[in-house]
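These numbers come from the heavy atoms of this one structure, side chains and all, not from hydrogens, waters or symmetry mates. The sequence lines fix the lettering, A, B, ..., with proteins before strands; numbering per chain opens at 1.
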Protein chains: 2
Amino acid sequence: MLNIKDIAKLAGVSPATVSRVINNSANVNEEKRQRVLEVLEQTGYKPNSLARGLLYNKTFTLGVVVPDISNINFSEFVKGIEIEARQNNYNIILMTSGNEPEREVECFEILKEKRVDGIIFAGTILTDRHKLHIDNSTIPFVVFGQDFEYKSLISINIDNIKASYDAVKYLYSKGIKKIAMITGPLWDKAAGYDRYTGFLKASIENGINQRDLIYKEGDFTISSGYEAMKKILKEERVEAVFAANDFMALGAIKYLLDNDVKVPQDIKVVGFDDNPIAKIYTPSLSTVKIDFYRAGVLSVNAIISCINGIEVENKMLLEYEIIERQSSI
Amino acid sequence: MLNIKDIAKLAGVSPATVSRVINNSANVNEEKRQRVLEVLEQTGYKPNSLARGLLYNKTFTLGVVVPDISNINFSEFVKGIEIEARQNNYNIILMTSGNEPEREVECFEILKEKRVDGIIFAGTILTDRHKLHIDNSTIPFVVFGQDFEYKSLISINIDNIKASYDAVKYLYSKGIKKIAMITGPLWDKAAGYDRYTGFLKASIENGINQRDLIYKEGDFTISSGYEAMKKILKEERVEAVFAANDFMALGAIKYLLDNDVKVPQDIKVVGFDDNPIAKIYTPSLSTVKIDFYRAGVLSVNAIISCINGIEVENKMLLEYEIIERQSSI
DNA sequence: TTAAAATATGAAAAGCTTTTCAAGGAGAGT
DNA sequence: ACTCTCCTTGAAAAGCTTTTCATATTTTAA
């Protein structure tokens, strides 16, 4: 591949002059300028960004670490990141961690070696090794998705408690008295415990005794939603079900339909996430929509500000929206 | 950020020695080795990959250009790429093109500047500008998804004609006589025209006169499937419908159910893609499954071979699988 | 004990771009 | 005609790592 010296030779000027033409950084005799431009055009020369990066100590590259890119939430997130990054002249190195802390830390190490200008990290927990890395690192970090209340780390989060609270309140506002919840695993702080907490809060506010709360724990899969719904119906007569994600909500609906319970006439169902399936399913599923694309855009803006030394809020909450569809009308 | 000179100073040795310790490239006095290792540990030093890349003219980075990462097919594809690449010590720079040729070419330019070792490209058409780029480029290219019969370009493809042919044959094998197709836009060679061609071939083979073929053109959306189904039923009495993708198939099913036509008892439906929704929908949808994850893995293997100067087949076809579910039993 | 071989180590160059600094040339003003 | 300015231009250094080459030291063999 050609370098700037080759171009200089072909155009009969010095490398410095070629550089000046490429970067429009100083006056160059018009005739020479044309000669250089012509050579550039003919050869398709592109300056070596490694050399540039070495010089400026800057790569215009962001590292992005997500658990699983094939999860629609994260692919929306990454889409937002990529598009916003590009708009700001940055590229992204994408890495997946499979939610394994070991691999996450490994990603950080590789990204450090690649000298990325910043890292956007969607993870689950912050182990000591994570913290060690973040502390020792001069690379700006933005953490998404779990409330990492660690030092002044920039984090962008979903207010799971409030979103869940609002979803349940929405059901109560329809005059419903008895609502059950299908939760995620409660050890999962964000999507598990926090969403349960919102349900708890809204229920108590509507005069339910904490001991009378009706809920079953699932694991975010369709089949666990199906099973949970079965258990709930065996024990109680409820008018609505709120599930901690859409898959479990769909499982619940499936069980209800299989057993000739009408949705929404007999029992209303609300999910969480606004998975694309929610809109398509029959009946279409009411849900809480989180805008992951926007989360990506915000992450990029935050990290670029940070890179440029501009102060940013270090705790941001994402908006959400309760979407009413057939399953709860 | 520290550099190798700093480490050398801290350990009281020369940069060369530090380099030898890091790369295990030559014998180093054990005592000094330990001193260096200790400093490396304490400082968390990572060598600057830009400098290395500059020296070796190699970045261990692959460029990946896809139309839209939030499309499940492409996110599976990218997942396969990322995981396989990492296993081979490569990272990926992900770029999205929105299927715009202009932006695709722009991606190539940026990736060239970043000196990626290879580019994996999922696109639609190969314009002259694309070709110019590929011709002038010394960077290995792997093209996925459309049959780019261009020179010795490495391409990985779906055999749309044969997959579609097999799907229709499968329906005929159930003793069905009258099958309609909902095609994609026919100007779209791969997912549009080729899938139609397979349908045509299988139909003729089963004694249908080409003039009697029943098909309507959709645009891959649910609603277009719904409308196409409406038109088909108005004109003909069919026993089965084959759609060029799952969304249109689901639209068709929706129309049928809305009009009290039972699926699969009255009309069987088969889609294409194995979108996650296909499995979940009621009735679950029979479809043609393409393994995009595997396509990603194959792409990486091909490009790494190419980078290392190993000969590879330059035309590969992906396997597919007809998945039978409730909608066609 | 001495020559030869093996081992260990640092200096320096290469890889590519940008920017600073110095110098050369041209034009303007006196 | 001479000096001062402004405009152009090229040489060189910096940024960081690896590897080669040469040197210094130690070990082995005779």
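- In terms of the side chain to side chain contact (heavy atoms under 4.5 Å, CB included) criterion, residue partners of Ile83(A) (sequence neighbours excluded) are, by chain and number, Lys79(A), Tyr293(A), Thr96(B).
- In the model, Thr61(B) has a side-chain atom that pairs as donor or acceptor with a side-chain atom of Lys114(A) under 3.5 Å.
- Under the ring-ring contact (aromatic ring centres under 6.0 Å, His included) rule, Phe121(B) has a single partner from Phe74(B), Phe77(B), Phe108(B), which is Phe108(B).
- Judged as a side chain to side chain donor-acceptor pair (under 3.5 Å), and not counting sequence neighbours, the contacts of Arg129(A) are Glu102(A).
- Asp291(B) is linked by a side chain to side chain donor-acceptor pair (under 3.5 Å) to nothing, counting only residues two or more places apart in sequence or in another chain.
- Under 3.5 Å, the side chains of Gln34(B) and Glu38(B) contain no donor-acceptor pair of N or O atoms.
- For the contact set between residues 33-42 of chain B and DNA chain C, defined by any heavy atom under 4.0 Å, there are no members.
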Which protein N or O atoms sit under 3.5 Å from an N or O of nucleotides 4-8 of chain D?
from, atom 1, to, atom 2, distance (Å)
dT8(D), OP2, Asn27(A), ND2, 3.2

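- Under the side chain to side chain donor-acceptor pair (under 3.5 Å) criterion, Ser19(B) pairs with Asn23(B), not counting sequence neighbours.
- Contact annotation: Ser14(B) does not reach the phosphate of dA11(C) (side-chain N/O to OP1 or OP2, under 4.0 Å).
- In terms of the side chain to side chain donor-acceptor pair (under 3.5 Å) criterion, residue partners of Ser14(A) (sequence neighbours excluded) are, by chain and number, Thr17(A).
- The bend of the helix from dT1(C)-dA30(D) to dT30(C)-dA1(D), defined by the angle between the axes of its first five and last five pairs, stands at 50° to the nearest 10°.
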- Item | Under 4.0 Å protein heavy-atom contact, by nucleotide of nucleotides 13-20 of chain D - B base, S sugar-phosphate only | -BBBBSBB
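- Under a 4.0 Å N-O distance rule, the pair Arg103(A)/Glu109(A) does not qualify as a salt bridge.
- Sorted pairs that involve residues 9-23 of chain B and meet salt bridge (charged side-chain N to carboxylate O under 4.0 Å, His left out), not counting sequence neighbours, are lacking altogether.
- Within the structure, salt bridge (charged side-chain N to carboxylate O under 4.0 Å, His left out) contacts touching residues 43-65 of chain A (residues at least two apart or in different chains) are Arg52(A)-Glu113(B).
- Residues satisfying the salt bridge (charged side-chain N to carboxylate O under 4.0 Å, His left out) criterion with Glu31(A), sequence neighbours excluded, are Arg35(A).
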